[in-house]
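So the structure is just underneath, and the comments pick up after that.
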Amino acid sequence: MLETKEKELFWVSAYEDEGTLNYIADWSYPGEETSFFGFFKRQNTVTHDSQSLSKERARLALSLFLENKAQELKELLRKYA
């Protein structure tokens with residue numbers, strides 16, 4: 001599944017591993033990125049992803065994206081990265 005909002009992109013796909021269905025999610029959007037130990041900031045594409053979500057967590061991630069709950073989505077994808 002692929003979903004976009006303005007310049008944001010969110011997608012979820014599934015794969016099978018030893019009889020278990022797993023989900024991959026990726027969310028990217030324009031944002032500010034820091035470099036050189038936080039001394040410099042520049043505009044870039046920010047990406048958050050997870051390589052092993054359950055069906056329930058993949059549904060939650062999609063729901064959070066559609067409901068504009070950015071902070072909760074970041075936390076979910078970081079937790080299961």
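Values below: every heavy atom of this structure, side chains too, minus hydrogens, waters and symmetry copies. Numbering starts at 1 and runs along the sequence shown. Fair warning: this is a prediction, and the values are worked out from it, not measured in the lab.
The shortest heavy-atom contact between A25 and V12 is CB-CG2, 4.2 Å. The minimum heavy-atom distance between W27 and L77, with the atom names listed, is CB-CD1, 4.0 Å.
From S52, atom OG reaches atom OH of Y23 across 13.0 Å, with rounding to the nearest 0.5 Å. To the nearest 0.5 Å, the span separating NZ on K55 from CG on N22 amounts to 12.5 Å. W11 CH2 to L62 CG: the interatomic distance, rounded to the nearest 0.5 Å, is 13.0 Å. The line from CG of L76 to CG of L53 is 6.0 Å long, rounded to the nearest 0.5 Å.
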N/O donor to acceptor pairs below 3.5 angstrom from side-chain atoms of residues 43-51, sequence neighbours left out:
{"from": "N44", "atom 1": "ND2", "to": "E33", "atom 2": "OE1", "distance (Å)": "2.8"}
{"from": "H48", "atom 1": "NE2", "to": "Y29", "atom 2": "OH", "distance (Å)": "3.0"}
{"from": "S50", "atom 1": "OG", "to": "Y80", "atom 2": "O", "distance (Å)": "2.4"}

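By the salt bridge (Lys or Arg N to Asp or Glu O under 4.0 Å) test, E32 is found to be paired with K41, residues two or more places apart in sequence or in another chain being considered.
Note on residues 59-73: pairs passing side-chain hydrogen bond (donor to acceptor under 3.5 Å, both in side chains), not counting sequence neighbours, are K5-N68, S63-E67, E67-K69, Q71-E75.
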